[in-house]
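Below: the structure, in structure tokens.
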Amino acid sequence: MVPYFTEYFGNPSSLYAPGLEAKQGLVTARQRVAELINAEPDEIYFTSCGTEADNWVLEGVADALKNKGNHIITTKIEHHAILHTCQYLEKFGVEVTYLDVDGEGFVRPEDLEAAIKDNTILVSIMMVNNEIGTIEPIKELAGIAHNHGVLFHTDAVQAIGNVPVDVKNLDVDFISMSAHKIYGPKGVGALYKKKGIQIPNLIHGGGQEKKKRAGTENTAGIVGFGKAAELARLNLHSHMNHSSKLRAMMWERIEKEIPDILLNGPKNFSKRHPGNLNIAISYIEGESVLLMLDLNGICVSTGSACSSGSLGSSHVLDAIGVPVTKANGAIRITVGDNTTEEDVDYVVDTLKQVVGKLRELSPVNGAEGW
Ligand SMILES: *Cc1c(COP(=O)(O)O)cnc(C)c1O
């Protein structure tokens, strides 16, 4: 990325030499992001983040197909980038169905089938859940939508780089992506839009991104996203193997050594994000665990990072039926490329101590219902 802040500092839309170098950077990045999901480069539109891609699809389809219908189907466990956009669209007369999920976070295909109506214009279901790691059966769900002539979008922000994503095989119409979830820079994302499908712009202005997304490009960020996408494609299987091995080690020790812990999300790890663990620790607050782990140099989350700092328990844990008492004690631990076996042991050793200490202080320690 660094040369694009210094030598190739030109505006990629200009004709002078530094601008052409910058433009070439965008071309290469677009090819690399396309290759990661087996799309064509001209089906990739760079955005400022995954959230923007999600907003664009929902608002764009609602507008483009307003003469066909006004009904969107999504799920109760989507990221807020989807849920809050749906709530916004409801203010303008869009009708939204929020599908339930089962106890592990899976959407039931028959529920989608039953929810589709004559006025349905879009189904938006995430590929991998960001809190509990559930990998949804996207190919089957997209097939159901298409049988009814309905467009299908998947928020694949947690999927790319963590599970194979092939748009030709999945046959979806739109995919949202983000760079910073695959070791790329913050402030850049992309929308895959299948060739031939038209939606209006979300950001209006100049002619960038084939006149579909205005605003001078974040050249260095896009170049960084391209490199991250290339590495994610080349390293996919080693990343998946490494993460899932360490995740299994961690869960095995936690389950054996810390009593009264519940695993949230799929028990079958092959249907789960390779690095994700989400555990409910009885009798104590997830927030206290987070802060005490942080003092020991360990970074975990409660619920979703995007809702941390806000009160109330996770809408995802709520949707899979985790009682509030247990959800309050939930933390999410993610392992990745930089995590080592020593890290796993250090995390479990520290977690054991922290949980022990907090439980000693807890007024509900051992109480029924907690
Ligand atoms: C992080 C995330 C987003 C938002 O992406 P940003 O690039 O941070 O805006 C959307 N959906 C899911 C599932 C995510 O995990």
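Atoms within a ligand are numbered from 1 in the order they appear, just like the ligands themselves. None of the values given here were measured: they were computed from a predicted structure. These numbers come from the heavy atoms of this one structure, side chains and all, not from hydrogens, waters or symmetry mates.
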Do we see a donor-acceptor contact under 3.5 Å between the side chains of T334 and N276?
no
Under 3.5 Å, is there a donor-acceptor pair between the K326 and S282 side chains?
yes
Measure D155 to ligand 1 on non-hydrogen atoms and call it side chain, backbone, both or neither using the 4.0 Å cut-off.
side chain
Ligand 1 contact on K181 by region, counting heavy-atom pairs under 4.0 Å:
side chain
Between K194 and D171, is there a side-chain N and carboxylate O pair less than 4.0 Å apart?
yes
Element-labelled atoms of ligand 1 that are located less than 4.0 Å from some non-hydrogen atom of S178:
6 (P), 7 (O)
Determine whether the side chains of D173 and H146 contain a donor N or O and an acceptor N or O closer than 3.5 Å.
yes
Which one holds for E52 and ligand 1: side chain close, backbone close, both close, or neither close, with close meaning a heavy atom under 4.0 Å?
neither
Mark up the atoms of ligand 1 that fall under 4.0 Å of a heavy atom belonging to H180, in ascending order.
6 (P), 7 (O), 8 (O)
For Q158 and H79, does a side-chain donor sit closer than 3.5 Å to a side-chain acceptor?
no
Atoms of ligand 1, numbered as shown, that sit under 4.0 Å from any heavy atom of C49:
6 (P), 7 (O), 9 (O)
Enumerated ligand 1 atoms positioned under 4.0 Å from heavy atoms of Q158:
13 (C), 15 (O)
What atoms in ligand 1 come closer than 4.0 Å to a heavy atom of M126?
13 (C)
When E131 is tested against each of T302, N264, I77, N278 for side chain to side chain contact (heavy atoms under 4.5 Å, CB included), which residue passes?
N278
Would you tell me whether H153 and S176 have side-chain atoms, one donor and one acceptor, within less than 3.5 Å of each other?
yes
Any N or O of N130 closer than 3.5 Å to N or O of ligand 1:
no
